[in-house]
Amino acid sequence: MLQTFKEWFWLERFWLPPKMKWSDLDDHNGLVFAKPSHLYMAIPCALLLLIIRHFFEKFVATPLAKTFGIKDTVRKITPNTVLENFFKHSARQPSKTDLCGLAKKCNLTERQVERWFRRRQNQDKPSRMKKFREACWRFAFYLLLNIAGVVFLYDKPWAYDLWEVWNGYPKQPLLPSQYWYYTLELGFYLSLLFSLGSDVKRKDFLAHVIHHLAAISLMSFSWCANYVRSGTLVMFVHDVADVWLESAKMFSYAGWNQTCNTLFFIFSALFFISRFIVFPFWILYCTLVIPLHYLKPFFSYIFLNLQLIVLQALHLYWGYYILKMLKRCIFMKEIQDVRSEDEEEEEEEEEEKEEEAGKSKERDCLKNGLGTSRHLLLNGQHSR
C-alpha cells in the first residue's frame, strides 16, 4: 500500500513538464541533481539552530541588550485574591458592572480595579529583553543568509529551471552552495515554526504561521521538482529586506529612535522594491508567464505558482501595515509596530509614572504642611 502511494505521489505528469522523466534527472558523469531525500538534513539542522539560538540569546544577545540599557524587568502588581480569582476563572477584562462590584468587595475605586486588571494582563506579556533577544537572533541569521545569498547567486543567471530543459537546453546540475543554502533556509524556517509557541505573539500571528508553512512548502516543492535556481532567487529576495527590519526592532527596543527610524526607512524601501517590483515582475514572470509560451499548464506549474501568489498576497498584507507605520513615523515622528501590544504597555508605564508623581506630590504637601505647622508652633511659643 505504501509503495502504491509512493508511485502515485511521484507520478511524472504531476511534477515534470511533458516529455521529461525522472530518469533525466539521475546523477551521471559526476553531476548531482536535487533529490527529495536531500531535504531530510533540514530537520537536524533546525534542531541544531534551536540549540545555537539558545546559547546565542544567552551569551550574545542578552549582554548586548544590557549594553544598550535594556533590563529584564519583571512586572509586579499588588496581590489581590478576589481580583486574581476573577481574572483566572471569570474574565480577563471585567465589564462595567463587574468593575463596580469588585471595587466594593476590595474597597477600591473602579479606576484602581481597572488598572490592576490591565497590569495583570501585561504581566503575562513578554519583556523588552525577550523581544530584543528574538530580534537579535533573527538579525544575525538573516545577515548570514544575505551574505550566503550574495556569495551563492552573484554569478548565477536568472533561471527558468526545467522550462529550459523542456525547451532543449542542457540540464543544470546541483551545486554544493545551493544545497547548503537550501538546507540553512529550510532549517531556519522549520526552527521558527517549532518555536512559535514560545516566541512573542503579535496580531499577525496567523499570517506568520501561513508564511512559515508557505515558505517551507515552497522550498520543499521547488527542491523536489528541481526548480532550484528559481527557489534560491525567491529566498534571497525575501531575506534582503528582513535584516533591516530586525535591526530596526533592536534599536527600537533600545530606545534609539532616530537610528530605528533610519533603518526602518531603508527596510521599507527594500521591501517595496524587492516584493512589489522584483518578485512579481521578474520571478513570477519567469515562473508564471514565460512557461505558457512553451507548454500547457500542468500540476507542478499550477502548484508552484499558487504558492508564489499566496506569498504575494502576504506581501500586500504586510505592506499595508508598513504604510501605517510609515505614516505614523512621518506625521508623529516615531515608529510603533502596529502589530504589537506595546501601546497598552506604554499606557501602563505612564499610569505608573502618574501614580508615582501623585504620591510624590502628596508627600511634598505633607512635608510642607508639617513644616508650616512647626513654624507657626515655634512662633506661638516665642510669643509667649
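Worth saying up front: this structure is predicted, and the values here are computed from it rather than measured. Numbers here simply count residues along the sequence, with the first being 1.
Nearest heavy atom pair, residue Tyr182 against residue Met219, reads CE2-O, 3.3 Å. Nearest approach of Phe117 to Ala91, heavy atoms of both residues: CE2-O, 3.9 Å. For Leu145 against Tyr181, the heavy-atom pair with the smallest separation is O-CE1, 3.8 Å. Residues Leu49 and Leu184 come closest through the heavy atom pair CD1-O, 4.4 Å. Gly187 and Cys45 get closest at one heavy-atom pair: CA-SG, 4.2 Å. Here the closest non-hydrogen pair linking Pro94 and Leu102 is CB-CD1, 4.4 Å.
Looking at heavy atoms from C-beta onward, Leu190 lies in side-chain contact with Ile216 at the 4.5 angstrom threshold. The shortest distance between side-chain heavy atoms of Asp239 and Val243 does not fall below 4.5 Å. By the 4.5 Å heavy-atom criterion applied to side chains, Val151 and Ser177 are not counted as neighbours. Contact check for Arg118 versus Gln93: no side-chain heavy atoms found under the 4.5 Å cut-off.
A centroid separation of less than 6.0 Å is found between the aromatic rings of His238 and Phe279.
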side-chain contact (heavy atoms from CB on, under 4.5 Å) between Cys136 and Leu64, intermediate numbers included: CA-CA 9 Å; Cys136 189; Leu64 184 61; 4.0 Å; yes
For Leu233 and Val278: C-alpha separation, side-chain torsions, deciding distance, then whether side-chain contact (heavy atoms from CB on, under 4.5 Å) applies. CA-CA 10 Å; Leu233 288 171; Val278 176; over 6 Å; no
If you apply the rule side-chain contact (heavy atoms from CB on, under 4.5 Å), what do you find for Ser274 with Phe236, and how did you get there? CA-CA 10 Å; Ser274 62; Phe236 180 73; over 6 Å; no
May I have the step-by-step check of side-chain contact (heavy atoms from CB on, under 4.5 Å) for Lys249 and Lys131, ending in yes or no? CA-CA 8 Å; Lys249 288 181 180 180; Lys131 294 178 182 179; over 6 Å; no
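Not counting sequence neighbours, the partners of Gln307 by the side chain to side chain donor-acceptor pair (under 3.5 Å) test are Ser217. Taking Thr109 as the reference, Gln112 meet the side chain to side chain donor-acceptor pair (under 3.5 Å) condition, with sequence neighbours excluded. Scanning for side chain to side chain contact (heavy atoms under 4.5 Å, CB included) contacts around Lys105 gives Val82, with sequence neighbours left out. Listed by chain and residue number, Trp244, Ser247, Ala248, Phe251, Thr259 satisfy the side chain to side chain contact (heavy atoms under 4.5 Å, CB included) test with Leu263 (two or more places apart in sequence, or in another chain). The ring pair (Phe, Tyr, Trp, His ring centres under 6.0 Å) check on Tyr285 picks up nothing, with sequence neighbours excluded. By the salt bridge (charged side-chain N to carboxylate O under 4.0 Å, His left out) test, Arg275 pairs with Asp242, sequence neighbours left out. Listed by chain and number, the residues in a side chain to side chain donor-acceptor pair (under 3.5 Å) with Lys96 are Glu110 (sequence neighbours excluded). Residues that satisfy the side chain to side chain contact (heavy atoms under 4.5 Å, CB included) test with Leu48, not counting sequence neighbours, are Ile52. Remark: Leu39 engages Leu186, Ser220, Trp223, Cys224 in a side chain to side chain contact (heavy atoms under 4.5 Å, CB included) (not counting sequence neighbours). Every residue two or more places apart in sequence or in another chain that forms a side chain to side chain donor-acceptor pair (under 3.5 Å) with Arg53 is listed here: Glu57, Ser195, Asp199.
The hydrophobic clustering, which links ILVMFWY residues whose side-chain heavy atoms are closer than 4.5 Å, places Tyr189 and Tyr40 apart. Transitive grouping of hydrophobic side chains (ILVMFWY, heavy atoms separated by less than 4.5 Å) keeps Ile309 and Tyr301 in distinct clusters. Tracing side-chain contacts under 4.5 Å through hydrophobic residues (I, L, V, M, F, W, Y), one never reaches Val240 starting from Phe272; they form parts of separate clusters. Leu206 and Trp318 fall within the same hydrophobic cluster, defined by Ile, Leu, Val, Met, Phe, Trp and Tyr side-chain heavy atoms under 4.5 Å apart, directly or through other members.
Note that the CH2 atom of Trp116 and the CG atom of Leu108 stand 10.5 Å from one another [nearest 0.5 Å]. For the atom pair CD1 (Ile70) and CZ (Arg133), the distance works out to 10.5 Å, reported to the nearest 0.5 Å. A distance of 7.5 Å separates CG of Leu50 from CZ of Phe194, quoted to the nearest 0.5 Å. Distance check, rounded to the nearest 0.5 Å: NZ of Lys35 to NE2 of His38 gives 6.0 Å. Note that CD1 of Ile283 and CG of Leu311 are 10.0 Å apart. Values are rounded to the nearest 0.5 Å. The distance from atom CG of Asn261 to atom CD1 of Ile266, rounded to the nearest 0.5 Å, is 11.5 Å.
Every pair passing ring pair (Phe, Tyr, Trp, His ring centres under 6.0 Å) that includes a residue from residues 130-151 is listed here, sequence neighbours excluded: Phe56-Trp137, Phe68-Phe132, Trp137-Phe141, Phe141-Phe188, Tyr142-Phe188.
In this structure a side-chain-to-backbone donor-acceptor pair under 3.5 Å is missing from His212 to Val209. Between the Asn305 side chain and the Thr287 main chain, a donor and an acceptor come within less than 3.5 Å of each other.
In the displayed structure, Asn107 atom CG is contacted under 6.0 Å by at most 12 heavy atoms of other residues, nucleotides or ligands.
Using cut-offs of 30° and 60° for the angle between ring planes, the Phe267 and Phe264 rings count as tilted.
Alongside Phe59, the hydrophobic cluster contains Ile51, Phe55 (criterion: ILVMFWY side chains under 4.5 Å).
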